[in-house]
Structure formats: structure tokens, C-alpha cells
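Letters go in sequence order (proteins before strands), and every chain restarts at 1. Values in this document were obtained by computation on a predicted structure and should not be read as measured data.
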Number of protein chains: 2
Amino acid sequence: MPRIRHTNFDCAPGCPVEGTLNLIGGKWKGMILFHLMSGTLRFNEIRRHLNSVTQRMLTNQLRELEADGFITRKVYAQVPPKVEYSLTEHGRSLEPIISALKLWGDTHLRSQATKAAAVRSQAA
Amino acid sequence: MPRIRHTNFDCAPGCPVEGTLNLIGGKWKGMILFHLMSGTLRFNEIRRHLNSVTQRMLTNQLRELEADGFITRKVYAQVPPKVEYSLTEHGRSLEPIISALKLWGDTHLRSQATKAAAVRSQAA
DNA sequence: GCATATAGTGTCATAAAGGATACCGTGATG
DNA sequence: CATCACGGTATCCTTTATGACACTATATGC
């Protein structure tokens, strides 16, 4: 397996890297997409996954993801309301990115972020 | 246009995604990393790659990347100054992410027309 | 003597992102 | 009758990421 030569890293026209980052770079978007990778979720289910998001922010981020064609919003004519969010095909196409982000985070953030947690679990 | 403040590190499974996004989510960081994947670059070389970045912003982003251990800064005792930036091992470990971002961008936002088409085909 | 290139730094301004808080409508529950 | 759950809106307000612009030092070439 030859080491990949990155000779074709040209980022000239409208930069794909930057453009993609712009779409998923909202404060909660990565996490929302990540959780939706596992399947359809209701508004408050997502909200509970994202510990400290406000309603306004969550609505905001979901609307942007919807506008970008990544997720669909299905409203049930019920009271109390029921709204389900799920990924579109377009949204699922982000899976490699989300996976790469998660893998990297698991590998490289674990050490510093869970140092305290590790110590605690050691003590236990 | 401020970008993101990913400060929430206490959510269980999605946390790595957000944490990673936090590190590479600066306005120019993705592109800087992308260009450095091809090899060492001087300050003004990076600047020329990033069409409209200001000196202050570029310095700022480079310092943050350096502080996060992604790049190294090598100053030559010359006049006029010569400063070279290159990826560390830690920085190179982001390669799968950057590649995934570029691949997705190339595929899905090559032009606004294709993006609109993708969204429309989702609706169908 | 003067402009030029390089890699910055400092100050100030601003638009946008994100947060806090309050309110809405209604069916079921107590 | 009062309250809660759900999925939001509507207004504020604060934070901060980014931009514009000016300034620096000095070896080198003209």
C-alpha cells in the first residue's frame, strides 16, 4: 500500500473544504447530524441528546439543515405536537465526514477530555 | 461573522464530533490544513492560496493551529523574514477528515446548480 | 537615498452567532 | 380548575469571530 501522494490538493474554485465546513459548521449541526445517523428522532429527543441547547437554537439549526436539504421535517397533526426529523439521502451522504470527525475525536480528544474521567474511573 | 463556539464537551456519544469541529472550524483553518497537506508553506504562500484572508486573520488562525499542535512554525533568522509552516504528526492525523470534506465538497457543491438539483431530487 | 518584500502586531469597528427569557395553543391528567 | 407536555415564536441581549486599516524592522536592489 503506497503512501498517498497529495499532489492534487488544489483548493482553488470555491474551495470544497471551506464550503463543506460552512454547511456543517453550525454549533450544533455536527451533533444533530451524528444523532440522526442512527435514525429518526423527535424534536425533544434531539434536544435531550444535546445537553444544553436552547429551543431557539435547536429550531434554528434544524431549519438550516432542512434548508440545506440534509434533513426532512415531518409534522403530525396531533396535540401535543409531534415532529420527526430524519436524514435525507443528501444528509446521509455526509456520513463519511461525520464518521471521520467522530473517529478522530474518539482517538485524539479522548486523552485530554477524559483525563479527569479516567482518573475518576480509576479511583472507582 | 463569528463562527462557532463549541464549548459543550459533556455530551456522551456526539461529543467527539463537536470537539473535532471546534478545532478545525475556524473560518480558514480547514483550507490552511488542506493546503499544508501538500507540504511546507511560507506565510505569504498560504496567504496567496487563501484569496481574501487578511494578514491579521491568517496569523490568528495559524497561531491557533499551532497552539492545538497541528502545525509547527519555523522562523529563519533572515531579513526579510522567512517563516515556514508545516503539519505535525498530529496535524497529519486530520487527513481523513480533510479528505472527506474535500471529496464531499467536490461531489456535492461543485456548483450551485448541482446543489439545487440534489435538494430537488430529495423532495421528489 | 528610497522603494520593496516579508511576516508580522495593534487598534478599532461591526455583523452575526449564540443565549436568556417569556409566551402560545391545546389535549390529557389530576 | 390548574398544570403539564410538545414544538415551537418573538424579543431582547451578549459575545466573539472576523474585517479594515495603520504601523514595524531591515537587508537588498535600484
Side-chain angles (χ1 to χ4, degrees), chain A residues 15 17-19 21-33 35-36 40-68 71-86, chain B residues 1-11 14-15 17-19 21-33 35-36 40-68 71-86:
Chain A
C15 191
V17 177
E18 162 72 357
L21 230 28
N22 266 338
L23 291 176
I24 64 172
K27 177 160 183 183
W28 307 96
K29 289 184 184 175
M31 294 176 66
I32 293 171
L33 290 169
H35 287 296
L36 285 178
T40 297
L41 291 173
R42 294 181 59 172
F43 183 87
N44 271 355
E45 287 176 328
I46 300 175
R47 196 177 164 193
R48 278 186 287 269
H49 278 298
L50 278 42
N51 244 358
S52 55
V53 69
T54 61
Q55 267 185 335
R56 192 183 83 74
M57 259 296 116
L58 181 53
T59 303
N60 179 298
Q61 301 278 287
L62 287 168
R63 293 296 150 83
E64 287 188 19
L65 288 171
E66 190 188 5
D68 287 330
I71 65 176
T72 49
R73 179 167 174 270
K74 184 170 181 184
V75 183
Y76 292 82
Q78 299 181 356
V79 170
K82 173 180 177 179
V83 180
E84 283 183 347
Y85 291 93
S86 48
Chain B
M1 70 186 76
R3 248 158 124 113
I4 313 94
R5 278 169 34 231
H6 298 279
T7 49
N8 180 339
F9 276 92
D10 53 351
C11 91
C15 172
V17 178
E18 188 195 3
L21 231 28
N22 185 23
L23 292 176
I24 65 172
K27 176 157 185 185
W28 307 95
K29 289 184 183 176
M31 293 176 67
I32 293 171
L33 290 169
H35 288 297
L36 286 178
T40 297
L41 291 173
R42 295 181 58 174
F43 184 87
N44 270 356
E45 288 176 328
I46 300 175
R47 194 176 166 196
R48 278 186 286 269
H49 279 298
L50 278 43
N51 240 1
S52 55
V53 71
T54 61
Q55 267 185 335
R56 190 187 147 289
M57 257 295 114
L58 181 52
T59 302
N60 178 297
Q61 301 277 288
L62 287 169
R63 293 296 150 85
E64 286 188 19
L65 289 171
E66 190 188 4
D68 287 331
I71 65 177
T72 50
R73 179 167 175 270
K74 184 173 182 183
V75 184
Y76 292 81
Q78 299 182 355
V79 170
K82 173 178 177 181
V83 180
E84 284 184 345
Y85 292 93
S86 48

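- Distances from the side chain of B/Arg63 to the nucleotides C/dG8, D/dG8, D/dG7 place C/dG8 closest.
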Side-chain atoms of residues 75-86 of chain B: list all donor-acceptor pairs with protein atoms under 3.5 Å, sequence neighbours left out, distances to 0.1 Å.
residue	atom	partner	partner atom	Å
B/Tyr76	OH	B/Glu84	OE1	2.9
B/Tyr85	OH	B/Arg73	NE	3.2
B/Ser86	OG	B/Thr72	OG1	3.2

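- Between B/Thr59 and B/Phe43, the closest side-chain pair of non-hydrogen atoms falls below 4.5 Å.
- Here the closest heavy-atom approach between residue B/Glu64 and residue B/Lys29 is recorded as OE1-NZ, 2.6 Å.
- Put simply, CG on A/Asn60 is 15 Å from P on C/dA20, counting in whole angstrom units.
- At a cut-off of 3.5 angstrom, counting only N and O atoms as typed in the model, there is a donor on one side and an acceptor on the other between the side-chain of B/Arg56 and the base of C/dT11.
- Rounding to the nearest 0.5 Å gives a distance of 12.0 Å between CD1 of B/Ile32 and NZ of B/Lys27.
- As judged by a 4.0 angstrom heavy-atom cut-off over every strand, A/Glu64 is placed among residues making no nucleic acid contact.
- The nearest whole Å value for the distance from the CG atom in A/Leu23 to the P atom in C/dA17 is 13 Å.
- Rounded to the nearest 0.5 angstrom, A/Met31 CE and A/Leu50 CG are separated by 4.0 Å.
- In this entry the distance linking CZ of B/Arg48 with C1' of C/dA5 reads 10 Å, nearest Å.
- The line from CD of B/Gln55 to CG of B/Asn60 is 13.0 Å long, rounded to the nearest 0.5 Å.
- At the phosphate of D/dT18, OP1 or OP2 sits under 4.0 Å from a side-chain N or O atom of B/Gln61.
- Computed from coordinates, the A/Met57 CE to D/dG8 P distance equals 15 Å when rounded to whole Å.
- Whole-Å rounding puts the B/Leu65 CG to D/dA17 P distance at 14 Å.
- Of the residues in residues 75-84 of chain A, those lying under 4.0 Å from DNA chain D by heavy-atom distance are A/Pro80, A/Pro81, A/Lys82, A/Val83.
- Nucleotide D/dA17 holds its P atom 17 Å from the CG atom of B/Leu58, rounded to whole Å.
- OP1 and OP2 of C/dG8 both lie 4.0 Å or more from every side-chain N or O belonging to B/Arg47.
- With D/dA20, C/dT6, D/dG8 as the candidates, the nucleotide lying closest to the side chain of B/Thr54 is D/dA20.
- Atom CD in B/Gln55 sits about 11 Å away from atom C1' in D/dA22, given to the nearest Å.
- To the nearest 0.5 Å, the span separating CG on B/Leu65 from CD1 on B/Ile71 amounts to 4.5 Å.
- With rounding to whole Å, A/Asn44 atom CG is found 8 Å from D/dA5 atom C1'.
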